[in-house]
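Working notes for the structure below.
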2 protein chains.
Amino acid sequence: MARTAGSHSDITGPRIQDAALRLFARHGYAAVSMRQIAREVGVQAGALYNYTPDKQSLLFGLMQDHMRELLATWAARSQVPDPGAALETFTRFHIRFHLERPDEVFIAYMELRNLTPENHAAISDLRGRYEDALESILKRGVAAGVFDVADTKIATLAVIAMLNGVNTWYRAGGRLSLEQVETIYWDMVRKAVGL
Amino acid sequence: MARTAGSHSDITGPRIQDAALRLFARHGYAAVSMRQIAREVGVQAGALYNYTPDKQSLLFGLMQDHMRELLATWAARSQVPDPGAALETFTRFHIRFHLERPDEVFIAYMELRNLTPENHAAISDLRGRYEDALESILKRGVAAGVFDVADTKIATLAVIAMLNGVNTWYRAGGRLSLEQVETIYWDMVRKAVGL
DNA sequence: GTTTTTTCTGAACAAACGTTCAGATAGCGT
DNA sequence: ACGCTATCTGAACGTTTGTTCAGAAAAAAC
């Protein structure tokens, strides 16, 4: 046997990424084998290598795609001049964006240590750029005298850490709507920066 | 060859736990082999099985020890009646305790998915008890009318997530002392709960 | 309808995996 | 000094790992 009926790279490629994403998020990169991914796609393990040079690149691609989309989506937003309004926009954007992609977020935070040094540096750089987006808002607010923040760098990391926590417990269809969750967190963020 | 000079279970046992802790934290449970742990201890892989029935128990033991120590240490503290003071005590305790044990904390949060269902349930239960300790403080503060918190459950998770973030960036000997870090975070927590 | 290209199979590779165990030696109690 | 027990080695087990590749079939190009 060889090429199978209906096979097409436009179909198999994304399916491999989807399967890898889900399996990596569920069991962890190191615990998932190429054969498991292949089985999920309905293909033999060797076929995966038409789409990725190796397992590491598969992980890196997923993380890089996620971070780039995060940055691009945020950059596409029209920036509000008022620091308070900008912070609210960021807070709600962050929660919504991350809740819509639980698997990507999980991988981006948990699998950093499974990247090669070069790949790790690349992802860390993208992460840093996103953190800078928040920190620049905090700095503007401090400069304008509307935020009360002792250390903008720490506040940046603290806010992001707090917001990321949503992904550990929120489930669609639960006690609270996405809108309610956003509002509750925004309320805490707002108060934390002294607004 | 067989038993080696100077070998003793009181020495080898802890060394195995130390090595497993460090390696699991650095590379992840699934990515670390029993042979790597053994090499770190200076022993053959088979010798590990005098101290643990299997790899899974090694991980579970580390996580359980950590969570029990966390709960016991917190329980040993004399509880302050004032909710505000209690929250400050908790905040400073949490940061200090966790910064003193970066590897244990890392494992306790990252390796949950590598536990068997029974072990997972056991650790989650311990985790839940610790979260309850914070939530009870928040509830007392809300009842006393000194805290402004929309949802104590979410606030609990948000505060813990924020505080846990310290472990991702703090390094001893850096720009800020532990005392300073505690104060900055307490300032944010205090404001976030409307105190 | 024929040729070329794309996509996949199935087998193979060496290496590493967790775990077991008979046997050997070190340390301890007597 | 001797025997007993605790501790470890070294080899072995069956399985799984990531990856490669010749060949075969489907799809696309002509």
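Naming: A, B, ... by sequence-line order, numbering from 1 per chain.
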Closest to side chain of [X], choosing from [options]:
{"X": "S33(B)", "options": "dC17(C), dT7(C), dT9(C)", "value": "dC17(C)"}
{"X": "Y51(B)", "options": "dC17(C), dT19(D), dT7(D)", "value": "dT7(D)"}
{"X": "R3(A)", "options": "dG10(D), dA26(D), dT19(C)", "value": "dA26(D)"}
{"X": "Q36(A)", "options": "dT9(C), dT19(C), dT17(D)", "value": "dT17(D)"}
{"X": "Y49(A)", "options": "dT20(D), dG18(C), dT7(C)", "value": "dT20(D)"}
{"X": "T4(B)", "options": "dA27(D), dG18(C), dT9(D)", "value": "dT9(D)"}
{"X": "Q44(B)", "options": "dG10(D), dG10(C), dT7(C)", "value": "dG10(D)"}

For [X] and [N], give me the distance from atom [atom1] to atom [atom2], rounded to whole Å.
{"X": "I37(A)", "N": "dT16(D)", "atom1": "CD1", "atom2": "C1'", "answer": "15 Å"}
{"X": "D10(B)", "N": "dG27(C)", "atom1": "CG", "atom2": "C1'", "answer": "13 Å"}
{"X": "L23(A)", "N": "dT17(D)", "atom1": "CG", "atom2": "C1'", "answer": "16 Å"}
{"X": "L48(B)", "N": "dT19(C)", "atom1": "CG", "atom2": "P", "answer": "10 Å"}
{"X": "I11(A)", "N": "dC8(C)", "atom1": "CD1", "atom2": "P", "answer": "9 Å"}
{"X": "L58(B)", "N": "dG18(C)", "atom1": "CG", "atom2": "C1'", "answer": "12 Å"}
{"X": "N114(B)", "N": "dG18(C)", "atom1": "CG", "atom2": "C1'", "answer": "15 Å"}
{"X": "N50(B)", "N": "dT19(C)", "atom1": "CG", "atom2": "P", "answer": "14 Å"}

Q | T12(A) side chain near dC8(C) phosphate (N/O to OP1/OP2, under 4.0 Å) | A | yes

Q: Describe the nucleic acid contact of V32(B) in one word from base, sugar-phosphate, nothing, applying a heavy-atom distance below 4.0 Å.
A: sugar-phosphate

Cation-pi check, [X] to [Y]: give yes when NZ or CZ is under 6.0 Å from the six-membered ring centre and within 45° of the ring axis, no otherwise.
{"X": "R15(B)", "Y": "Y51(B)", "result": "no"}
{"X": "R92(B)", "Y": "F90(B)", "result": "no"}
{"X": "R96(A)", "Y": "F93(A)", "result": "no"}

Q. Which of parallel (below 30°), tilted (30 to 60°) and perpendicular (above 60°) describes Y130(A) and H94(A)?
A. parallel

(Q) Can you say whether a donor on the side chain of R35(A) sits under 3.5 Å from an acceptor on the base of dT19(D), or the other way round? (A) yes

Q: Tell me which of A47(A) and M34(A) sits closer to the 5' end of DNA chain D, going by the nucleotide each one is nearest to.
A: M34(A)

Q. With a 4.0 Å cut-off, would you call R190(B) and D187(B) a salt bridge?
A. yes

